[in-house]
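Structure, as structure tokens:
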Amino acid sequence: MKRDDYTVEVWTYFMTMLEYTSPPIWLNAHAQDPRLTVGDYTYFDRYISLALFTPNDRIAIGKFCSLAKDVVL
């Protein structure tokens with residue numbers, strides 16, 4: 001599967017992986033999953049993956065955070 005800018009890919013196996021690809025940009029502009037909460041001015045560099053192990057899992061990222069390239073949360 002090709003990773004284009006501004007895409008969201010979701011796989012469901014034993015867990016859900018939310019993957020965001022972009023040039024450095026505000027993450028809350030792309031966070032579309034209701035289980036992900038992102039504060040203002042948080043940005044990421046190029047590619048991140050967010051793992052949710054159960055349907056009840058949530059990820060909350062605060063304001064003014066910087067997520068490194070290729071990070072997995």
Side-chain angles (χ1 to χ4, degrees):
M1 182 175 288
K2 185 178 178 215
R3 293 182 181 152
D4 296 324
D5 288 346
Y6 308 109
T7 62
V8 177
E9 303 168 6
V10 178
W11 290 283
T12 304
Y13 298 107
F14 295 108
M15 66 179 170
T16 301
M17 294 292 293
L18 304 175
E19 298 192 350
Y20 297 89
T21 303
S22 173
I25 197 158
W26 310 126
L27 180 56
N28 63 356
H30 296 286
Q32 299 173 350
D33 194 292
R35 298 172 293 173
L36 174 63
T37 304
V38 181
D40 295 334
Y41 309 108
T42 291
Y43 68 96
F44 67 107
D45 186 12
R46 193 71 196 134
Y47 180 78
I48 62 170
S49 297
L50 308 170
L52 300 165
F53 293 95
T54 69
N56 295 326
D57 284 352
R58 303 284 183 263
I59 295 177
I61 302 171
K63 293 183 179 182
F64 301 100
C65 295
S66 173
L67 303 175
K69 182 178 179 182
D70 298 325
V71 71
V72 177
L73 299 176

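Just so you know, residue 1 is the first one in the sequence shown, and it goes up from there.
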Taking the side chain as every heavy atom from C-beta outward, state whether Ile61 and Leu67 have any atom pair closer than 4.5 Å.
yes

Using 30° and 60° as the class limits, which term best fits the ring planes of Phe44 and His30: parallel, tilted or perpendicular?
perpendicular

Hphob cluster co-occupancy, Ile25 + Val71, side-chain heavy atoms under 4.5 angstrom
yes

Please report the C-alpha distance between Ile59 and Thr37 in whole Å, then the side-chain angles of each, then the deciding distance to 0.1 Å, and finally whether the side chain to side chain contact (heavy atoms under 4.5 Å, CB included) criterion is met.
CA-CA 6 Å; Ile59 295 177; Thr37 304; over 6 Å; no

Heavy atoms only: give me the nearest Tyr41-Trp26 pair and the separation to one decimal.
O-CZ3, 3.4 Å

Residues two or more places apart in sequence or in another chain: which of them pass side-chain hydrogen bond (donor to acceptor under 3.5 Å, both in side chains) with Ser66?
Tyr43

What residues form a side-chain hydrogen bond (donor to acceptor under 3.5 Å, both in side chains) with Asp40, not counting sequence neighbours?
Asn28

Quick one: CG on Leu50 to CG on Asp57, what's the gap to the nearest 0.5 Å?
12.0 Å

Between Leu73 and Leu27, is there shared hydrophobic-cluster membership here, with clusters defined by ILVMFWY side-chain heavy atoms closer than 4.5 Å?
yes

From Leu52 atom CG to Thr54 atom OG1, the distance as rounded to the nearest 0.5 Å
8.0 Å

